[in-house]
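Below, all heavy atoms of this structure are taken into account, side chains as well, without hydrogens, waters or symmetry copies. Numbers restart at 1 for each chain; the letters A, B, ... are given by sequence-line order, proteins then strands.
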2 protein chains.
Amino acid sequence: MIELYLLEQLDAFHRYGTLSAAAEHLHLAQPSLSRSMQKLEAILGVILFERQKNRLTLNKTGILAAEYAARLLDNAVEMERRIHLFDKSLHTLTIGSCAPGPLMKILPPVTGAFSDFTISSTIESEELLLQGLRTAAYQLIILSHPIKSNDIVCQEYLTEHLYLSVNTFHPAAIYHSIKFEQADGQNFIMYAKVGVWEQIVRNKMPNARFLKQEYLDAVGELANSSDLPSFSTNITMEELPSRKTNRVNIPFSDKEAQITFYLIYLKENTARFKRFLSTINQE
Amino acid sequence: MIELYLLEQLDAFHRYGTLSAAAEHLHLAQPSLSRSMQKLEAILGVILFERQKNRLTLNKTGILAAEYAARLLDNAVEMERRIHLFDKSLHTLTIGSCAPGPLMKILPPVTGAFSDFTISSTIESEELLLQGLRTAAYQLIILSHPIKSNDIVCQEYLTEHLYLSVNTFHPAAIYHSIKFEQADGQNFIMYAKVGVWEQIVRNKMPNARFLKQEYLDAVGELANSSDLPSFSTNITMEELPSRKTNRVNIPFSDKEAQITFYLIYLKENTARFKRFLSTINQE
DNA sequence: ATCACTTACGGGTGACGTAAAAATC
DNA sequence: GATTTTTACGTCACCCGTAAGTGAT
């Protein structure tokens with residue numbers, strides 16, 4: 001069987017036109033290439049080059065061979081890439097959620113239970129999440145509504161409540177609860193990746209403006225250093241205790257301010273998740 | 001770059017299940033395979049096997065890799081095959097004819113003029129010849145009628161006359177010419193690959209029977225040792241002088257007993273054939 | 001005891017580098 | 001003189017085989 005290193009060298013010669021140039025790019029000495037090309041002809045039993053004293057050129061067969069070689073090398077590289085990708089997928093758990101809250105909540109126990117896996121997580125639209133679950137881009141997704149399907153398992157996870165988060169001097173700080181309507185028209189600091197929450201607050205407070213922050217840290221810091229209102233939830237208050245210091249959190253009383261999230265995964269992955277998810281729900 | 005010999009060994013292990021069996025088929029010692037498989041994992045940076053003390057099995061990644069390997073190896077052999085084929089085509093001149101006469105006539109000068117080529121020739125139906133010319137299966141074809149086309153060159157070659165060939169005791173031996181009608185109803189010895197001639201004699205002598213001989217030699221010998229009539233032509237008489245000894249050759253006088261043949265090749269091959277074909281016609 | 005895999009050791013092929021020569025620009 | 005190819009020669013890597021060891025059936 002012909003070996004790939006020879007085809008690599010042929011390909012390089014084809015690309016760069018001379019043995020010297022090819023050798024340069026391959027980090028080899030020219031004589032090695034000269035010999036390799038002779039060897040290639042011997043192995044194939046075919047003349048690939050026209051030889052002048054000072055010049056080596058591919059003949060028609062040589063050009064054809066070089067083109068085939070390039071294709072084969074591409075295939076080889078692609079093969080390696082796919083093997084790596086597949087292997088990685090076997091050791092990676094990708095979780096997608098339509099909101100950051102339940103993700104925050106689930107990541108610690110997941111990293112614990114799947115300690116030999118790389119955990120990767122994303123906030124994404126519900127539509128793409130469901131697609132991604134089918135294409136194995138996600139192994140576990142979190143949606144704001146249940147899914148019924150033969151090949152899917154769906155279980156209720158938790159309910160998140162939205163709060164208005166203001167500093168103590170804010171006029172609303174004295175309320176025990178508030179309606180979206182009352183909070184409308186202000187400028188809010190908002191984390192950029194709040195997922196489904198964004199449509200809700202935009203719909204319910206059509207006159208409000210939202211200053212989106214890409215980084216979660218920045219949201220907290222900005223909120224503390226400015227008088228602008230922001231949002232928090234039962235989950236963020238639990239997971240990020242700093243959200244409670246120096247801030248007053250007032251629950252929105254509208255029914256839209258509560259979302260129940262569902263854990264969803266393919267039935268074929270049941271064995272993988274069952275034990276873990278049962279412990280989750282016991283908490 | 002990963003080398004193909006490693007993939008061959010992986011493929012063999014995948015096929016045969018154990019290192020020993022694979023080694024047997026590859027004509028290698030087991031330890032070599034054992035090391036190669038370890039090396040493969042090292043190169044790819046991926047675990048391909050599950051190792052028990054006494055047993056080696058491919059894991060999921062390993063199976064995937066073996067499947068890719070098989071594909072890549074297939075591609076490699078296919079590539080070699082195509083290169084050989086292409087190279088061969090560059091040094092092979094394939095001539096197809098719809099009748100053996102003009103082929104006999106043209107082969108000697110062709111082999112002389114293209115002495116560094118392998119000459120390959122076939123008798124084939126006119127339809128397939130024309131197809132083959134387009135697909136480069138033939139570089140030169142000989143048909144019984146001219147072809148007009150933008151990308152094709154066509155030139156008249158020669159005219160062949162059909163003769164009835166009988167021994168001296170045959171009743172027809174006294175004629176100077178004969179019509180198909182007069183010869184009908186007899187049993188003829190006929191070469192199997194007479195191409196277009198076959199339809200002609202069958203049409204013009206519907207009551208005759210034809211004893212087809214695969215080998216040209218057999219036709220001559222049978223004709224000499226039996227009293228059965230056979231066929232000859234101005235060309236066979238010239239190229240195969242034995243056809244004239246002890247036989248009487250009587251020309252058929254019907255117009256269908258004459259065929260003019262045409263040399264036909266692709267315009268792109270003009271440079272290749274022009275000089276040669278001009279010398280041919282001067283004779 | 002046989003089979004299957006791994007590790008250890010030694011050998012020979014061959015892939016590569018350096019040096020030098022020939023030829024062209 | 002600079003560049004390009006080829007040949008010659010030495011070296012080192014590495015691929016393979018043999019031998020020996022371990023564990024399983």
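For B:Ser36, taking side-chain heavy atoms from C-beta onward, the closest of the listed nucleotides D:dA19, D:dT4, D:dC16 is D:dC16. With distances taken from any side-chain atom of B:Ser32 to the nucleotides D:dG17, C:dC3, C:dT18, the minimum falls on D:dG17. Side-chain proximity of B:Lys53 to D:dA24, C:dT18, D:dC16: nearest is D:dA24. Of the candidates D:dT5, D:dT18, D:dG17, the closest approach to any side-chain atom of A:Leu56 belongs to D:dT5. The B:Ser34 side chain lies nearest to C:dT6 when the options are C:dT6, D:dG17, D:dT6. Side chain of A:Pro31, nearest nucleotide from C:dA4, C:dT7, C:dA19: C:dA19.
For the residue pair B:Glu126 and B:Ser144, a side-chain donor N or O sits within less than 3.5 Å of a side-chain acceptor on the partner.
Using a 4.0 Å heavy-atom distance criterion, A:Arg35 is classed as a base contact. At a threshold of 4.0 angstrom between heavy atoms, the contacts of A:Leu28 are confined to the sugar-phosphate backbone, with no base atom among them. Residue B:Gln52 is out of contact with every strand shown, counting any heavy-atom pair closer than 4.0 Å.
When rounded to the nearest whole Å, the span between CD of B:Gln30 and P of C:dT6 equals 11 Å. Distance B:Glu41 CD to C:dC5 P: 14 Å, rounded to the nearest Å. Spacing between atom CG of B:Asn54 and atom P of D:dA24 amounts to 7 Å, rounded to whole angstrom units. In this structure, B:Met37 places its CE atom 12 Å from P of D:dC15, rounding to the nearest Å. Atom CZ of A:Arg55 and atom C1' of D:dT5 are 10 Å apart (whole Å). Per the geometry, CD belonging to B:Glu50 stands 14 Å off P belonging to C:dC5, to the nearest Å. The distance from atom NZ of B:Lys39 to atom P of C:dT6 is 16 Å, rounded to the nearest whole Å. When the P atom of C:dA4 is taken as reference, atom CZ of B:Phe49 falls 16 Å away, rounded to whole Å.
Under a 3.5 Å cut-off, the side chain of A:Glu214 and the backbone N or O of A:Ala192 do not form any donor-acceptor pair. No donor-acceptor pair under 3.5 Å is formed between the side chain of A:Ser34 and the backbone N or O of A:Pro31.
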Verify side-chain contact (heavy atoms from CB on, under 4.5 Å) between A:Phe49 and A:Asn59, making sure each step is shown before the conclusion. CA-CA 5 Å; A:Phe49 303 93; A:Asn59 63 18; 6.0 Å; no
Under the side-chain contact (heavy atoms from CB on, under 4.5 Å) criterion, do B:Asp11 and B:Arg15 qualify, and how do the steps go? CA-CA 6 Å; B:Asp11 179 55; B:Arg15 283 186 202 286; 3.1 Å; yes
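Listed in residue order, the members of residues 1-22 of chain A having a heavy atom less than 4.0 Å from DNA chain D are A:Thr18, A:Leu19, A:Ser20.
Of the residues A:Phe273, A:Tyr157, A:Tyr138, the one that meets the ring-ring contact (aromatic ring centres under 6.0 Å, His included) test with A:Tyr265 is A:Phe273.
For the residue pair A:Pro109 and A:Phe276, the shortest heavy atom distance occurs at O-CE1, 3.4 Å.
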